Amino acid sequence: MRGTVWAVANQLGVVATTPAELQSALLSGPPRGPVRLAPLGHDPEKLGELARILGEFGHGRIVLEPPGEQAPGPEPAPPPPPDPHPGDPAALCAADPLKVTAAFEADEDDRGGLRTAWLRAGQALVREQEPADRALVLLAALPPDAPAVLRAALGALAAAADWSVADRWESPGPVVALADFAGRLLVADRSGTVHGLDERRPVAVPTAARIRALAALPDATLLILDERGRLRTRGPGSALTRAVAATLEVHPGTALAVGGGAIAVGDRTGSVHAFGPAGLDQAALHAGRVTALAAAGPVVFSGGADGAVRRWRPGRSGRAAGGEELAERGHAVVALHAAVTGRGPAVAVAWADGLAELYGPGPGPSPGFRPGPAVRAVAATRSGELVVATDEALVMLRPH
């Protein structure tokens, strides 16, 4: 069932491992078109069971295709080789991923961490892709105690992928936000604790606050947007931070960023407000809730539930006053982060379907990366890497 749920979740643009998670993801999002479940490569009985589960809550139309039929699309690939030995990384990366999933579900031998990595990252692994890209995903998902020989084997297999794994950390707790603090990456977890990525000690412990967003001012003041949309501070603070905090007590925020001496806050109506020494500037940038903000110098980047990422410079008049589109997809933006590199700003974007991208100074994004689990936060580094955070781990990727 797990492989079938992953395949259907990919089709629907959500992240889920179990039927219950799939139900929750569908119920929390907009209505979608018909779900076409084809028996090819799947157990027909499991497909029928999944169709029944999805149909119970009436979210869209479930179409269970008869055996031998297939939804319109490209010609099917040649038949895969037999299900390989689960301990052979090269064979696993080239094999039918649904058969590999079934093999790992039936055999609890961890194979040096391969089973853990596969079942952790499976939703990304069951997608059509080159073996090198599958090896990269597995390498990023390996547990920290995996044998060095296995890491080396996967690294060699992933050499032709678009990214390499530059570093990796087990998460100090389920990650909710990342922020840059004087060149150091901070990680906020679901419990409300903020950690330094390079150390395993708390930097700040907000009082009874579940964190929604995190940012830092040049004077070492840490800004925390809590789950109620209120601003909490750790550090010196200023008249500006006190004014923003007072405003958010009345009008809660949904996203937060700091840049160019201003504090930017998003709201549920799609507007972004920049509080600076010269006063307040604002722009309506999205249709619906602002879900993420980032800043690089005086430029603010905003992401919304409408799937758009927009670039806005407060104080700019004319056509650019309403922002310029950087990217748009049919999935909500869940996280943003920006950094100033030697060639200009780089913007990391995470989407609700599990994709992370890096938009650099050049045209268009770098090739995307899917870790498998839902992406909770992202960061762009000053040297051009992409950091992707899930509930269980953080991985730093370097573009080839």
Side-chain angles (χ1 to χ4, degrees), residues 24 27-30 174-179 181 186-194 204-217 221-295 300-310 312 314 322-323 332-338 349-352 374 376-378:
S24 177
L27 287 171
S28 63
V175 177
V176 293
L178 298 175
F181 187 75
L186 299 183
V187 182
D189 67 28
R190 197 173 294 161
S191 72
T193 304
V194 180
V205 182
T207 55
R210 287 184 174 270
I211 299 173
R212 175 179 289 176
L214 192 67
L217 289 167
T221 298
L222 190 64
L223 304 181
I224 298 160
L225 187 70
D226 68 21
E227 65 179 356
R228 298 174 59 221
R230 268 65 169 185
L231 185 68
R232 298 168 182 256
T233 62
R234 289 289 180 273
S238 64
L240 178 60
T241 59
R242 290 189 288 274
V244 175
T247 301
L248 298 189
E249 284 292 330
V250 182
H251 303 288
T254 59
L256 175 73
V258 167
I263 299 173
V265 178
D267 66 24
R268 60 184 178 81
T269 69
S271 293
V272 178
H273 313 267
F275 300 83
L280 174 66
D281 199 358
Q282 51 196 346
L285 300 180
H286 298 277
R289 176 185 296 265
V290 178
T291 54
L293 287 175
V300 175
F301 300 90
S302 68
D306 58 0
V309 179
R310 300 186 71 81
W312 174 56
V333 177
V334 296
L336 287 176
H337 186 270
V349 186
W351 310 86
R376 304 300 186 189
V378 286

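Source: prediction; values computed, not measured. Position 1 is the first residue of the sequence; numbering continues from there. Computed from heavy atoms alone, side chains included, the values below leave out hydrogens, waters and symmetry copies.
- Summarising the geometry, atom CZ belonging to F275 is positioned 9.5 Å from atom CG belonging to L231; distances are rounded to the nearest 0.5 Å.
- Across every non-hydrogen atom of R232 and D226, the tightest pair is NE-OD2, 3.0 Å.
- I224 places a side-chain heavy atom less than 4.5 Å from the side chain of L214.
- When atom types are taken as modelled, the side chain of T221 and the backbone of G235 share no donor-acceptor pair closer than 3.5 angstrom.
- Note that CG of D281 and NE2 of H273 are 11.0 Å apart. Values are rounded to the nearest 0.5 Å.
- Across all their heavy atoms, A335 and R376 have their closest contact at CB-O, 4.0 Å.
- Counted within 6.0 Å of CZ on R268, heavy atoms from surrounding residues, nucleotides or ligands total 12 or fewer; the atom is thus considered open.
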Report task. Quick one: do T247 and L280 satisfy side chain to side chain contact (heavy atoms under 4.5 Å, CB included)? Show the steps, please. Result -> CA-CA 11 Å; T247 301; L280 174 66; over 6 Å; no
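- The minimum heavy-atom distance between A338 and A295, with the atom names listed, is CB-O, 3.7 Å.
- Taking both residues in full, the closest heavy atoms of V290 and H286 are given as CG2-CD2, 4.0 Å, listed atom of the first, atom of the second, then distance.
- Closest non-hydrogen pair, A255 versus T291, comes out as CB-C, 4.1 Å.
- Here the shortest heavy-atom pairing between L285 and R310 reads O-CD, 2.8 Å.
- Each of L256, L336, V272 was evaluated against L293; a single residue qualifies, V272, per the side-chain contact (heavy atoms from CB on, under 4.5 Å) test.
- Rounded to the nearest 0.5 Å, atoms CG (D267) and CZ (R289) are 9.0 Å apart.
- The distance from the CZ atom of R212 to the CZ atom of R228 is 11.0 Å, given to the nearest 0.5 Å.
- Within the 4.5 Å cutoff, no side-chain heavy atoms of L217 are placed close to those of L240.
- Taking the side chain as every heavy atom from C-beta outward, L222 and L186 approach each other to under 4.5 Å.
- Using modelled atom types, one side-chain atom of D306 and one backbone atom of A287 make a donor-acceptor pair closer than 3.5 Å.
- Annotation: side chain of T241 is in contact with side chain of I263 (closest heavy-atom distance under 4.5 Å).
- The shortest distance between side-chain heavy atoms of V194 and I211 falls below 4.5 Å.
- Note that CZ of R230 and CG of L225 are 10.0 Å apart. Values are rounded to the nearest 0.5 Å.
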